Amino acid sequence: MLRDEISVEKFASAIATTHLANAAPSAYMFFMPSVLHQGLIALVRDRPAFVADLLKQLLDVPVPRFTEARLADASVHQIAPVEYHADAMVLLVDPAPVLGVIFEAQLQRDDRKFYTWPIYAVGARGRYECPFVVLVVTPDAATARWAAARVDLGCGTFQAHVVGPEGIPAITDVEHAIREPQLAMLSVMAHGRGDVDRAVEIATAAAAAIKPLTGDQWLLYSPLITSALSEAARKAFEMLPQAYEFFSESQRRVFAEGEAKGKVEGKAEGAVQAILVVLTTRALAISDAQRQRIQACTDLDVLDRWLARAVTVAATNDLFA
């Protein structure tokens with residue numbers, strides 16, 4: 001399976017801004033690129049055939065028969081020394097390429113995309129000699145409406161295929177979520193800030209869906225669930241027994257990652273990183289003084305005690321009680 005390599009340090013850095021998930025929607029979309037943007041891209045990189053599901057199931061776009069979906073080089077070269085990079089490119093093959101999909105995770109409006117998206121499709125079509133479409137996925141309704149505009153090229157028109165929150169199903173059934181974990185993650189990103197009761201159901205289903213996942217894939221998906229929820233939905237989710245199991249699993253997996261890292265760089269450093277990851281995953285604010293106190297500690301017994309508390313404390317300061 002192809003996926004980005006995400007170390008504990010990179011993961012901790014990526015979710016360091018999760019406390020902004022409780023800000024206004026516009027601020028949320030602006031300040032969360034490392035979590036939401038990389039999370040959306042990971043859904044495709046972890047399972048390239050997911051783009052075919054989105055086209056067929058959510059947009060009713062005919063997709064030719066294919067036997068394999070594989071990632072391709074996402075850079076598009078021109079004769080002139082200019083290079084453009086799409087978020088991801090997937091080739092559907094049987095055994096030759098039958099359809100290519102340029103995947104773009106879009107969090108906010110960017111009018112420059114109306115110039116680059118057609119280049120992606122035409123350039124990739126010339127390289128792989130098959131039809132290409134641009135698929136845009138966004139959790140923001142206004143961005144979805146903007147991205148769906150028809151673009152006048154002078155010699156015709158171009159229009160991206162767009163999946164916005166209104167077209168993404170709200171998956172509350174656990175069995176459905178387990179069958180389609182990428183769609184379950186997309187569901188919580190699209191609907192986690194809506195109706196609280198429904199958001200909690202979606203988060204619960206998504207948490208169950210990613211439980212079987214391992215390694216870097218799980219480390220990236222797990223903070224997406226809590227960071228996608230509104231403050232009210234996150235607090236309600238944390239009250240559930242399933243959420244306690246979810247955060248306990250977070251603690252165990254992150255600590256295991258920290259221990260593996262600790263074999264090379266010291267167990268104390270790995271435990272410190274694990275504590276910070278658990279706190280930020282739970283969207284608990286960490287002051288500079290608190291962060292320095294955690295990072296300065298080298299007592300493994302104390303760090304182990306703090307790590308155990310990090311799963312349940314209401315505020316970071318309670319960690320030291």
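Just so it is clear, the structure is predicted and the values come from calculations on it, not from any experiment.
- At least one side-chain heavy atom of L40 sits less than 4.5 Å from a side-chain heavy atom of L107.
- V136 and Y115 fall into different hydrophobic clusters, defined by Ile, Leu, Val, Met, Phe, Trp and Tyr side-chain heavy atoms under 4.5 Å apart, directly or through other members.
- Distance alone, capped at 3.5 Å, places no donor-acceptor pair between the Q182 side chain and the R47 backbone.
- Shown here for A69 and P48, the closest heavy-atom pair between the two residues is O-CB, 3.7 Å.
- Atoms CG and CG, from L319 and L307 in turn, are 9.0 Å apart once rounded to the nearest 0.5 Å.
- Taking a 4.5 Å side-chain heavy-atom cut-off between Ile, Leu, Val, Met, Phe, Trp and Tyr, the cluster of V174 extends to I178.
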Do L71 and M89 pass the side-chain contact (heavy atoms from CB on, under 4.5 Å) test, and can you show the C-alpha distance, the side-chain angles, and the key distance before you say yes or no? CA-CA 6 Å; L71 291 176; M89 185 186 298; over 6 Å; no
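- In this structure, R193 and L229 have side chains that are not in contact, with every pair of non-hydrogen atoms separated by 4.5 Å or more.
- Contact annotation: the side chain of L92 never approaches that of P97 to less than 4.5 Å [non-hydrogen atoms, C-beta and beyond].
- Residues satisfying the side chain to side chain contact (heavy atoms under 4.5 Å, CB included) criterion with R198, sequence neighbours excluded, are A170, T172, H191, D195, I202.
- For the pair S187 (side chain) and I171 (backbone), a donor-acceptor distance under 3.5 Å is present.
- Nearest approach of A314 to D318, heavy atoms of both residues: N-OD2, 3.7 Å.
- With sequence neighbours excluded, the residues forming a side chain to side chain contact (heavy atoms under 4.5 Å, CB included) with T204 are V200, F237, L240, Q242, listed by chain and number.
- Counting heavy atoms from C-beta outward, L183 and P169 have side chains that approach closer than 4.5 Å.
- For the pair V90/R70, no side-chain contact is recorded, criterion being any heavy-atom separation below 4.5 Å from C-beta on.
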Begin from the C-alpha positions of L59 and L135 and carry the test side-chain contact (heavy atoms from CB on, under 4.5 Å) through to its verdict. CA-CA 10 Å; L59 297 175; L135 175 62; 3.8 Å; yes
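- Under the rule for a side chain to side chain contact (heavy atoms under 4.5 Å, CB included), the partners of Q159 that lie at least two apart in sequence or sit in another chain are R150.
- A heavy-atom distance below 4.5 Å is found between the side chains of L55 and V133.
- For the pair Y221 and L43, the minimum side-chain heavy-atom distance is below 4.5 Å.
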Carefully, step by step, assess D304 and D299 under the rule side-chain contact (heavy atoms from CB on, under 4.5 Å). CA-CA 9 Å; D304 185 56; D299 188 320; over 6 Å; no
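- Between the side chain of D87 and the main chain of A105, a donor-acceptor pair closer than 3.5 Å is present.
- Counting only residues at least two apart or on different chains, the ring pair (Phe, Tyr, Trp, His ring centres under 6.0 Å) pairs with a member in residues 134-158 are F114-W146, W117-W146.
- In terms of heavy-atom proximity, L303 sits nearest to I275 at O-CD1, 3.5 Å.
- In this structure, OG1 in T157 is found 7.5 Å from CG in D152, a value given to the nearest 0.5 Å.
- At a threshold of 4.0 Å, the pair R109-D140 does not count as salt-bridged, since none of the basic side-chain nitrogens sits closer than that to a carboxylate oxygen.
- Among residues two or more places apart in sequence or in another chain, the side chain to side chain contact (heavy atoms under 4.5 Å, CB included) test is passed with F320 by Q290, R293, I294, W306, N317.
- A distance of 9.5 Å separates CD of Q295 from CG of D288, quoted to the nearest 0.5 Å.
- For R234 and E238, the salt-bridge test passes: some basic side-chain N is under 4.0 Å from an acidic carboxylate O.
- The backbone N or O of Q106 lies less than 3.5 Å from a partner atom in the side chain of T138, making a donor-acceptor pair.
- The two atoms that bring G164 and A144 nearest to each other are CA-CB, 3.8 Å, heavy atoms only.
- In the displayed structure, K235 atom NZ is contacted under 6.0 Å by at most 12 heavy atoms of other residues, nucleotides or ligands.
- At least one side-chain heavy atom of L186 sits under 4.5 Å from a side-chain heavy atom of F50.
- The neighbour count for D111 CG, taken as heavy atoms of other residues, nucleotides or ligands under 6.0 Å away, is above 12.
- Between V98 and C130, the shortest heavy-atom distance links the atoms C-CB, 4.2 Å.
- No side-chain donor-acceptor contact under 3.5 Å links R125 to the backbone of P131.
- Side-chain atoms of R291 never come within 3.5 Å of backbone atoms of I286 as a donor-acceptor pair (strictly under, hydrogens ignored).
- In this structure, T67 contributes its side chain and V93 its backbone to a donor-acceptor pair below 3.5 Å.
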Go through the steps for F103 and V137 under the test side-chain contact (heavy atoms from CB on, under 4.5 Å), then give the verdict. CA-CA 8 Å; F103 179 84; V137 176; 3.4 Å; yes
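- Here CE of M185 is found 9.0 Å from CG of L213. Values are rounded to the nearest 0.5 Å.
- Residues T316 and A285 share a closest heavy-atom pair of OG1-O, 2.7 Å.
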